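The next block holds one structure in the form of structure tokens; read it before the comments.
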4 protein chains.
Amino acid sequence: MRHASPRSRSTKDRSSTVRPATRFDRRLSEILSHATDVFDEKGYEGASMRDLSRVSGTSLAGLYYYFESKEKLLYLIQRHTFTTIVERLRNRLEGVTDPEQRVRVFILNHLEYFLANQKAMKVLSHEDEILKNGYGAEIAAIKREYVRTCVDLLDELKRANNLEFSSRTAALSLFGMMNWIYTWYKPRVDGNAETLAEEMSDIFLRGVCADMGKSSKKRISITN
Amino acid sequence: MRHASPRSRSTKDRSSTVRPATRFDRRLSEILSHATDVFDEKGYEGASMRDLSRVSGTSLAGLYYYFESKEKLLYLIQRHTFTTIVERLRNRLEGVTDPEQRVRVFILNHLEYFLANQKAMKVLSHEDEILKNGYGAEIAAIKREYVRTCVDLLDELKRANNLEFSSRTAALSLFGMMNWIYTWYKPRVDGNAETLAEEMSDIFLRGVCADMGKSSKKRISITN
Amino acid sequence: MRHASPRSRSTKDRSSTVRPATRFDRRLSEILSHATDVFDEKGYEGASMRDLSRVSGTSLAGLYYYFESKEKLLYLIQRHTFTTIVERLRNRLEGVTDPEQRVRVFILNHLEYFLANQKAMKVLSHEDEILKNGYGAEIAAIKREYVRTCVDLLDELKRANNLEFSSRTAALSLFGMMNWIYTWYKPRVDGNAETLAEEMSDIFLRGVCADMGKSSKKRISITN
Amino acid sequence: MRHASPRSRSTKDRSSTVRPATRFDRRLSEILSHATDVFDEKGYEGASMRDLSRVSGTSLAGLYYYFESKEKLLYLIQRHTFTTIVERLRNRLEGVTDPEQRVRVFILNHLEYFLANQKAMKVLSHEDEILKNGYGAEIAAIKREYVRTCVDLLDELKRANNLEFSSRTAALSLFGMMNWIYTWYKPRVDGNAETLAEEMSDIFLRGVCADMGKSSKKRISITN
DNA sequence: TATGAATGAGTGTTCATTCAT
DNA sequence: TATGAATGAACACTCATTCAT
């Protein structure tokens, strides 16, 4: 953002309170959705406000009625995407008690949302370090909480089954497995979210050669 | 931009033949290294040639003596990084015959290089869709070969142990686990490459709850 | 140069339809006029957008609100100049039937416009090979038609008076005589358009020593 | 020229004295010739020193061994072209006494050299206002003398035949006819220099409808 | 004689943003 | 609500030229 200046009425004021959706909200959502597409295709830096204006059918100046800066726009997209996935997860975990199942629910929820909203999720994970200060902190907080949830789920699993591994490494590896799919996923080849979730859950929970027994494990040392 | 005109001596001509490193080569390498840092910090689009000029201590115009465009610069970085990691892998796999060990070698090689050259690797994986036409195709080809190598390793493993899983999904999941670390890795917390490689190898090969046996696996269905 | 992207509303769209002149049009005309001066003084290549911005009292970026490129600007100038002179010619030829008079009308029209719009005409004739592809083709087409008109006039004259000469060479010689004046014309010394038109018409139609009779003509051969 | 600085040994010093052609001179001529081609194709402003370096097979820096600036290069080309054509004219006029023949010799000499050295002549007439101060003045002086010669020839003709016309307008019209040919000349269509010279001489000396007699001349007045 | 390496100043163009209406 | 018009700052890149070797 080049010329930052205070605004009398900020986007945040409007959108953070709960109230019936106004015309403003609906237009905002539309624009957000178009912007998500553009960020997905060109990246945040590569996308210009003119691009956004074109695809959303609004004049360049008109966009600024809806958000005060490009950065804020990214923030709104990321916040909406994140809060939605977190909310869905909360609902789905309700009533599921088996620790392994809870992890599987987490994975399915993540992948399902990821594949249904690939563009938004790509923007979410790809444009990670753009947001500064306030906005960045807020998104980072939501993200930290989401990761925390996953770590907690793994801790439960460990406790329940008397396992030993680094929940942190495991959780972050799991996120890697899942978040990376935007680089390779092809619906025809890789199946739908449920299939993929099962495959990834299996790999994550049992490994690719689980049947061989842990005894075969040998340390390797490489000198080169 | 004025008309881009061919150069009498292009960067590619110089760098693709094998010969003793000249002063030109050394300066080129320096600049490449600095540029890698900047791309890492700001992203390709976000990094300006002025930034590169500043950190590499060369005048803006001087940079263009070494590569004819920003895009070519990215290409050179990516090519160098990729060919190096592929070459190392080849060397390390030599003499290792056990299929599981070969996968472990792959993981260790990747992570070791990744952590030692985090910035370059981040640039490699993050700025994936920038390069167009010729350059993009060349990098994509190297990448495809590298992925292919991993898939082949998993196929060997499957054959040897009579396993059944999608090598493609597994390989790409594995890459996700590994490539994602640039978003979270902290040396103090997460240990060195060998530790991490072991943890990830274990998760990937045995899963987090390998001991429980596959029998406990239940399908989940979620309606929401 | 960043990616050139299509504009939602291009200069061409605006200027090719017939409608009352808007504020946009008026400002456009002003800038076109200033640009003509600058192109005249420095040539197309020698004139910088910064020069244009300075003389037209607009910010550098502001210019691009009116035309999408320097090339398009040249195109607009050339098109306007050419269509105006062609239109005037059409009007003036109406009602004139005597073939010789028609040629004289052509000459007078050309010179009058040339002297009244010297700068524009110099730009028109001097910056002939700049425009590429579409724009160039369009201007070339108008020009071809204009030259064609002149050749036709000479053909009429030939038919009417039973003369024999190459209409093409004659027409292009005539254009040479007229178009070259931008290199030497001085109002005080050379008189106004009418005077000049008469002199040139006389030279072109009767030659400088018409009274001597054609018999004196001798072939020359030079060896050197 | 951006960074003008004095030179210990200037090109002019070398080339303006009469002495046997050295290796320096020969290379200089080659480069001049190549440069003429490039200036012809791209114009003076449009041609870059890099272009010249490329076509003349000399390094960019190497060019500066032969002339101290791009401007000087243009000067050398223009001076050489001009002095050659003037010299030839002098030789050819020797011994020709008939005033009309002398004019015809002038025209033939100009056209012959023009067609044989089209590129150089185009550069000569097209890049007329580039040279500043000293160089410009020198070229302008040669040019003025050349034009003066033509005007004198016409004055002789007038005196000899008791004619009345503006020698200045006539001479400059004649130059227009001749110099303009670079915009339209096609060898196949328009014949060789001799043919063209005869046609133009006839038009210039007798006009296109000389046979009709001067009586038919009517004044035209246009109101529009 | 000739060039590899370098540079300050400039190029055309696009950026996110503003503001009067 | 929405936009036409405008802008300062930045962009990637090229320019003519220099100088140590």
Side-chain angles (χ1 to χ4, degrees), chain A residues 1-5 7 23-24 27 45-53 57-66 68-71 73, chain B residues 1-5 7-9 22-24 27 45-53 57-71 73, chain C residues 1-5 7-9 22-24 27 45-53 57-71 73, chain D residues 1-5 7 23-24 27 45-53 57-66 68-71 73:
Chain A
M1 185 175 53
R2 308 232 178 130
H3 311 276
S5 82
R7 281 261 171 165
R23 182 139 44 100
F24 179 95
R27 189 86 188 90
E45 299 274 5
S48 75
M49 292 298 284
R50 271 168 187 78
D51 292 332
L52 303 183
S53 138
T58 312
S59 75
L60 193 48
L63 290 175
Y64 285 83
Y65 183 70
Y66 292 97
E68 57 251 31
S69 73
K70 194 184 171 189
E71 197 188 0
L73 175 55
Chain B
M1 189 183 58
R2 318 250 176 104
H3 46 94
S5 61
R7 297 243 171 169
S8 49
R9 185 161 61 149
T22 61
R23 186 141 28 110
F24 179 95
R27 189 85 188 91
E45 298 273 7
S48 77
M49 292 300 283
R50 274 162 189 81
D51 293 332
L52 302 183
S53 137
T58 312
S59 73
L60 186 52
L63 290 175
Y64 285 85
Y65 186 67
Y66 291 95
F67 6 81
E68 53 250 33
S69 72
K70 194 185 172 189
E71 196 188 359
L73 175 54
Chain C
M1 184 183 59
R2 318 247 176 108
H3 46 93
S5 62
R7 297 241 171 171
S8 50
R9 185 162 61 150
T22 61
R23 188 141 27 112
F24 180 94
R27 189 86 188 88
E45 298 274 6
S48 77
M49 292 300 284
R50 276 160 187 82
D51 293 332
L52 302 183
S53 135
T58 311
S59 73
L60 187 51
L63 289 175
Y64 284 84
Y65 186 67
Y66 291 96
F67 9 80
E68 54 250 32
S69 73
K70 195 185 172 190
E71 196 188 0
L73 175 54
Chain D
M1 187 174 49
R2 310 232 177 131
H3 310 277
S5 81
R7 282 259 173 165
R23 181 136 46 98
F24 179 95
R27 190 84 187 92
E45 298 275 5
S48 76
M49 293 298 285
R50 269 168 190 79
D51 292 332
L52 302 183
S53 140
T58 311
S59 75
L60 194 48
L63 290 175
Y64 285 83
Y65 182 70
Y66 292 96
E68 56 252 30
S69 72
K70 194 186 172 190
E71 197 188 0
L73 176 55

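Computed over heavy atoms, backbone and side chain alike; hydrogens, waters and symmetry mates excluded. Protein chains get the first letters and strands the later ones, always in sequence-line order, with residue 1 at the start of each. As the structure is a computational prediction, the values presented were derived from the model and not from experiment.
The interatomic distance linking R50(D) (CZ) with dC13(F) (P) rounds to 14 Å, in whole Å. Between the CD atom of E45(B) and the P atom of dC15(E) there is a distance of 10 Å, given to the nearest Å. The distance between atom CG of L63(B) and atom P of dC11(F), rounded to the nearest whole Å, is 13 Å. Counting to the nearest Å, the C1' atom of dC11(F) and the CG atom of D51(B) are 11 Å from each other. F67(B) places its CZ atom 13 Å from the C1' atom of dA12(F), with the value rounded to the nearest Å. Rounded to a whole Å, the CD atom of E68(B) is 16 Å from the P atom of dA12(F). To the nearest angstrom, P of dA2(F) lies 7 Å from CZ of R27(A). In this structure, the CG atom of L52(B) is 16 Å from the P atom of dA10(F), given to the nearest Å.
Contact annotation: Y64(C) side-chain N/O to dT13(E) OP1/OP2 distance is under 4.0 Å. Residue Y65(B) places no side-chain N or O under 4.0 Å from the OP1 or OP2 atom of dA6(E).
A donor-acceptor contact shorter than 3.5 Å is absent between the side chain of T58(A) and the backbone of S53(A). One N or O on the side chain of K70(B) and one on the backbone of A47(B) form a donor-acceptor pair closer than 3.5 Å.
The side chain of M49(D) approaches dA16(F) more closely than any other nucleotide in the set dT1(F), dT1(E), dA16(F). In this structure, of dT3(E), dG4(F), dA5(F), it is dA5(F) that holds the atom nearest to the side chain of Y66(C). For S48(C), the side-chain atoms get nearest to dT11(E) when compared with the rest of dT11(E), dA16(E), dA6(F).
Both distances falling under 3.5 Å, in either a Watson-Crick or a G-U wobble arrangement, place dG12(E) opposite dC11(F). Nucleotide dA5(E): paired with dT18(F) (Watson-Crick or G-U wobble, both distances less than 3.5 Å).
Residue S59(C) is classed as a base contact, given a heavy-atom separation below 4.0 Å to a base.
Put simply, CE on M49(A) and OG on S69(A) are 8.0 Å apart, with the number rounded to the nearest 0.5 Å.
Projected onto DNA chain E by closest heavy-atom contact, A47(A) and L60(D) fall at different nucleotides, the more 5' of which corresponds to L60(D). Each of A61(C) and T58(B) lies near DNA chain E, and the nucleotide nearest T58(B) is the one positioned closer to the 5' end. The 5' end of DNA chain F is approached more closely, in terms of each residue's nearest nucleotide, by G62(C) than by the other of G62(C) and S69(B).
Between the side chain of R23(B) and the base of dG4(E) there is no donor-acceptor pair of N/O atoms closer than 3.5 Å.
Looking at Y65(D) and R27(D), their side chains never come closer than 4.5 Å, going by heavy atoms from C-beta outward. Side-chain atoms of L73(C) and L52(C), non-hydrogen and from C-beta on, do get closer than 4.5 Å to each other.
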